[in-house]
Amino acid sequence: MVARSLGRRESSSYAESKDNAAADLVHKDEPDVESYSSTESATIGPNTSLTRGLSQRCISFIALGGVIGSGLFLGSGTALSTGPGSALVAYSVVSVIIYFTMSSLGELATYLPIPGSFNAYGSRFVDPAFGFALSWNYWLNWVSTVANEAGAVAIPISYWLPDVHFAVWGVSLLAVVFVINAVTVRGYGEAEFWFALIKILAICMFIVVGILVASGAVGGRRYGFSLWHYGEAPFVGGFGGVLNTFIQAGFSMQGSELVGVVAAESRAPARLIPRATRQIIIRLALFFVLSIFLMGLVIPYDDPRLISEDSDSGTSSPFTIVLLKAGIQPAAHIMNAVLVTSSVSACSSGLYAACRTVHMMAVQGQAPKLMGRTTKHGVPLYALLFCTLTTLGLWAFNFVGQGVVFVFLSGISGVAGYLAWASICVVHIRFRMAWKRQGRDLRELKYRAPLYPFGPVFCFVLICVVIFGQAYPSFENGFDSTTFFSSFIELPLFALFWGAWKWWRRTSVVSLDNIDLDTGARAGFTLEEENCMLAEMKQKQKKRKVLRVLAAILG
């Protein structure tokens, strides 16, 4: 359980921490939060401070950039091969799951912006053993994901430089993301902002081109919904096809929970986290659901490029296929460049999440104390080194057993992400139960998850269906032991972590009456101070809008 107060923060002037020109261009209406907390630290003990250096634009783009990755750019082809209807239903439902899950996390992270996010909440609101298992599960999820991306980055680069060994690109990628994370948290935020911006621009370009192709404005053919009635479409393979697509959609959209992880290093979380949380449903609908819908309109589910096993680049991406249909010949080069950027972004975010998780565990006594120490800039350097070296070791499994071991690592990563989402639902329910038991007023919460308790309960049930539904592909065409065990190996690992820590420390479930609802609340501010801060920020925002209107009229 987190037992030390975050404490009061020292203020700094706007001039010492003002955002650069790019910030002004992207979020001109961003309130002057720096005067409250731009150099604040989430202090947990000697030499364990995390600096609050992430601004609104960084938080917003991290929340979005953590979701968009190679799973959308390449994995969407696998989803589309099960039919346009299956893909659209799966991505739509998973978007709803993510929205409710992130709403639960947004409520928790706004009130308790502490290091470790939902991993720390697991120890605090459920059971220290549950939090221990959840933390190591989440850490394993991200180091496996980063190792996977480090191996995958060679695929698009090899399209241009086929004679260079792929190991060069994997090591180079890990070196780059280590440097990005080792400087300052603000440096990480700035890098993620630009990486996410590139991906967003690429998707926006795709959406515009997709609409033009589907309507017949370019490409010479008006598609309409003709491909929805082609062959076995729109639901190829019936229920099994839809279920398989759910699994792919979930894997493609994992990473949105990063908005909770960065809460401990964000400026004025009571203002920034709710804003990022509310925006996520619009982004999911725009960038995932709309993209999948347009793909289904113009690409037949049996297009050989979607399921090509010998493709060595982004040429098999649905995005590339749509651009080629529009007559954009350098489409493969464009998507390869986006894929490289996506891999760097995914690795950077994954390494960030992994090292912050280890840092939190070290502070709580669940990992070596050395991992809890930070530099003067608030970077947990020892934890970062540990995670980087572990990732490098896992990445080396590319060379072992023809990649069989790496298949298991990918399976661990996928299920671990779903377990993280399910745990957020459980933690949120326990938080609200404790809040009610202790007679607290809901008006103290500056952000409340909509449709509680339906949201977390609905998400938890669906996540369980998806996790256990992974057994279906293992038996679809005879029993496939590799697929089966790689899909479920994470469940006994999670149980082992939980049981071992419970036995070692003799932990028990925290009673609702004893759950700590105060330590670290509101980033160290009292309720009155938080209300005053938010009111002043809103007033400054209104003044800026009025000045811009006057400038437009007079100019």
Side-chain angles (χ1 to χ4, degrees), residues 1-6 96-135 257 259-261 263-264 269-278 280-281 364 419-464 498 502 507-531 533-534:
M1 183 181 298
V2 177
R4 300 179 182 176
S5 174
L6 292 180
V96 174
I97 292 175
I98 293 178
Y99 170 70
F100 282 120
T101 304
M102 293 308 104
S103 295
S104 294
L105 182 58
E107 178 180 308
L108 292 164
T110 300
Y111 180 71
L112 286 170
I114 59 177
S117 185
F118 57 90
N119 301 301
Y121 302 149
S123 295
R124 189 163 174 170
F125 300 139
V126 183
D127 181 353
F130 177 76
F132 176 82
L134 184 58
S135 298
E257 72 281 347
V259 69
V261 177
R271 173 70 175 173
L272 307 186
I273 300 301
R275 183 173 178 179
T277 302
R278 294 188 186 101
I280 196 167
I281 188 61
Q364 292 187 329
L419 286 176
W421 289 354
S423 69
I424 293 171
C425 300
V426 173
V427 167
H428 184 216
I429 292 172
R430 289 278 298 175
F431 170 75
R432 280 294 192 96
M433 291 172 66
W435 194 271
K436 182 178 180 180
R437 175 70 66 85
Q438 297 181 24
R440 307 291 286 267
D441 190 344
L442 285 176
R443 288 177 294 184
E444 290 185 47
L445 301 176
K446 296 305 176 185
Y447 174 76
R448 294 191 292 273
L451 298 182
Y452 177 88
F454 169 78
V457 173
F458 168 76
C459 291
F460 182 81
V461 171
L462 274 183
I463 290 169
C464 290
W498 192 347
K502 179 174 281 290
T507 66
S508 59
V509 176
V510 184
S511 69
L512 297 178
D513 293 315
N514 294 331
I515 286 178
D516 181 9
L517 297 175
D518 296 311
T519 302
R522 307 182 190 89
F525 294 104
T526 65
L527 179 61
E528 292 74 17
E529 288 173 336
E530 185 180 65
N531 288 333
M533 177 184 68
L534 293 176

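- Closest approach of Ser135 to Asn119, counting heavy atoms only: OG-CB, 3.3 Å.
- For Ile429, the side-chain contact (heavy atoms from CB on, under 4.5 Å) test picks out Met433, Tyr452, Pro456, Val457, with sequence neighbours left out.
- Between Lys436 and Leu512 there is no side-chain heavy-atom pair separated by less than 4.5 Å.
- Contacts of Thr101 classified as side-chain hydrogen bond (donor to acceptor under 3.5 Å, both in side chains), with partners at least two apart in sequence or in another chain: none.
- Within the structure, the salt bridge (Lys or Arg N to Asp or Glu O under 4.0 Å) test picks out the following pairs touching residues 100-111 (sequence neighbours left out): Glu107-Arg432.
- Although no hydrogens or angles enter the test, the distance criterion places no donor-acceptor pair under 3.5 Å between the side chain of Tyr111 and the main chain of Glu444.
- Partners of Arg448 according to the salt bridge (Lys or Arg N to Asp or Glu O under 4.0 Å) rule, which considers only residues two or more places apart in sequence or in another chain, do not exist here.
- Judged as a side-chain hydrogen bond (donor to acceptor under 3.5 Å, both in side chains), and not counting sequence neighbours, Arg430 has no contacts.
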Practice problem: Report the C-alpha separation of Val510 and Arg124 in whole Å, then their side-chain angles, then the decisive distance to 0.1 Å, and conclude whether the side-chain contact (heavy atoms from CB on, under 4.5 Å) test is met. | Solution: CA-CA 7 Å; Val510 184; Arg124 189 163 174 170; over 6 Å; no
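- Looking at every heavy atom in both residues, Leu517 comes nearest to Arg440 through CB-NH1, 3.6 Å.
- Taken to the nearest 0.5 Å, the OG1 atom of Thr110 stands 8.5 Å off from the CG atom of Leu105.
- Taking CG from Asp516 and OG from Ser123, the interatomic distance works out to 12.5 Å, rounded to the nearest 0.5 Å.
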Can I get a per-line list of side-chain donor-acceptor pairs under 3.5 Å for residues 127-134, giving both atom names and the distance, sequence neighbours left out?
from   : atom 1 : to     : atom 2 : distance (Å)
Asp127 : OD1    : Ala129 : N      : 3.1
Asp127 : OD1    : Thr507 : OG1    : 3.1
Asp127 : OD2    : Lys502 : NZ     : 2.6

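- With sequence neighbours left out, Ser511 forms a side-chain contact (heavy atoms from CB on, under 4.5 Å) with Asp513, Asn514.
- Taking the six-membered ring where tryptophan is involved, the planes of Phe100 and Phe454 are perpendicular, since the angle between them exceeds 60° and thus also 30°.
- Leu108 is listed as a side-chain neighbour of Phe125, based on a closest heavy-atom distance under 4.5 Å.
- Atom OG of residue Ser103 and atom OH of residue Tyr447 lie 3.5 Å apart, to the nearest 0.5 angstrom.
- Qualifying ring-ring contact (aromatic ring centres under 6.0 Å, His included) partners for Tyr99, counting only residues two or more places apart in sequence or in other chains: none.
- Taking the six-membered ring where the residue is Trp, Phe431 and Trp435 present tilted rings, their angle falling between 30° and 60°.
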